[in-house]
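Written below as structure tokens is the structure these notes are about.
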Amino acid sequence: MKFNSKLPNVSTTIFTVMSQLANEHGAINLSQGFPNFDTSENLKKLVNHYITSGKNQYAPMPGVLALREQLSSKIETLYGLQVDPNSEITITAGATQALYTAISAFVKPDDEVVLIEPAYDSYRPSIKVNGGIPKAYELSGPDYKIDWNQLRKLVSVRTRMIIINTPHNPIGKILSEEDMKSLDRLTEGTDILVLSDEVYEHLVYDGLQHQSVLRFPNLWKRSMAVFSFGKTLHATGWKLGYIVAPDYIMAEFRKVHQFNVFSVNTPMQYAIADFLVDPNEYLSLPSFFQKKRDFFLEAMKGSSLKPISSEGTYFQLFDYSAISSEKDTEFTKRMTTEFGVAAIPVSVFFSNNNDNQVVRLCFAKTEDTLSKAGELLQKI
Ligand code: PMP
Ligand code: GLN
């Protein structure tokens, strides 16, 4: 049979490729971002409780109301915004589905979407499969700051959406209040939607504050903010998340959502609603992960890999340009096969495969794993 692929240049994601390579070579896997420790026992008990007590049929299309109410109150406490749990929050099958559905609900053929590269790998294919045209703004290290005057040049009458990601995967930087104000000014009075990927909202370090679009009431009127329980609950395999948007935007989102997934896992939604009643669970995440970041940096002291400061996320970048001129894709393969630690090459997050000889390592791991990885990487 003949057909034209809608995504001719897409192959298996780097996360799958590197995790597989790590498994084949028995390497420590600091490539794909996931914790190697378990989610809370209390949360597992709650899930068991709701499964055995019979919460096993379809959830309402936008999600279990108790969970949406809990999230609404969390958002008000953290960001000072009142969102209607009925019409402005939808529970999704992870952030990936929320992002895909948001893009497909609004991006029509030949609409332009501005994204900031390096960019999380799902954005570009989600735009392209819907006929949209990605317009990439390129960040450069080691600061990775956005020059809003330059970014503005990518905006045209065809711009339908701007996608931002803070804290940023893969670079580990966060957007500042000034950045958000620049974004507000850039989009004010236009029909440009902002899709804000905030899956690492609680993984922000050194006393910095997460600048959610939900903190900026004007900006929020044209925004969708996406979150993931995978990161907040150490449960990436549950593939549960949510999206928050003003009702007139959410109504459009739900038109697609109800036909691409309808509703998501019921007992887990009830369990998470109960679990979130105690805010300490998520308020302790910055110090929990900052400790891991600092432990890992200590374990890497003396290695030839040069750290680039991480302000948030699961990830720490390292520059290896002082010791090798290899492409980052080759270097990460060799790290895995010869040195026993798998990493992600940052060039794969650029559409032109811009290679700055920087690799991404995930520190959402036990101290034992981090110190073993540090020992192995001293040998590079
Ligand atoms: N956005 C970013 C920036 C991510 O890092 C990830 C996954 N790590 C996702 C979206 C997808 O999240 P989920 O697993 O909830 O689909
Ligand atoms: N988001 C995770 C990462 O950046 C991986 C998710 C996936 O494997 N698709 O490592």
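In each ligand, atom 1 is the first atom listed, and ligand 1 is the first ligand listed.
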Nearest protein heavy atom to atom 7 (C) of ligand 2, by residue and atom, and its distance? F15 CD1, 3.5 Å
Establish, yes or no, whether a centroid distance under 6.0 Å links the rings of F289 and Y205. no
Within 45° cone and under 6.0 Å: K74 NZ/CZ vs F229 ring: no
Between the side chain of R360 and the main-chain N/O of S31, is any donor-acceptor distance below 3.5 Å? yes
Contacts satisfying ring pair (Phe, Tyr, Trp, His ring centres under 6.0 Å) that involve residues 293-312 (not counting sequence neighbours) are F296-F318
When clusters are formed from ILVMFWY side-chain contacts under 4.5 Å, directly or step by step, what else is grouped with V129? L7, V10, Y100
Nearest protein heavy atom to atom 8 (O) of ligand 2, by residue and atom, and its distance? Q32 NE2, 2.6 Å
Atoms of ligand 2, numbered as shown, that sit under 4.0 Å from any heavy atom of Y120: 1 (N), 4 (O), 6 (C), 9 (N)
Can a donor-acceptor pair be found, under 3.5 Å and without considering hydrogens, that links the side chain of R293 to the backbone of S310? yes
Which of the numbered atoms in ligand 2 are below 4.0 angstrom from a heavy atom of R360? 3 (C), 4 (O), 10 (O)
At under 4.0 Å between heavy atoms, is it the side chain or the backbone of F315 that contacts ligand 2, or both, or neither? side chain
Has K292 got more than 12 heavy atoms of other residues, nucleotides or ligands less than 6.0 Å from its NZ? yes
Residue-level breakdown please: for N169 versus ligand 2, do any non-hydrogen atoms fall below 4.0 Å on the side chain, on the backbone, on both, or on neither? side chain
Is S31 in polar range of ligand 2, meaning some N or O pair under 3.5 Å apart? no
Which protein residues have a heavy atom closer than 4.0 Å to any atom of ligand 1, listed by chain and number? G94, A95, T96, L99, Y120, N165, N169, D197, V199, Y200, S228, K231, K239
Backbone N or O of L175 within a donor-acceptor pair of the T166 side chain at under 3.5 Å? yes
Pairs involving residues 341-368, ordered by first then second residue, that meet ring pair (Phe, Tyr, Trp, His ring centres under 6.0 Å) (sequence neighbours left out): none
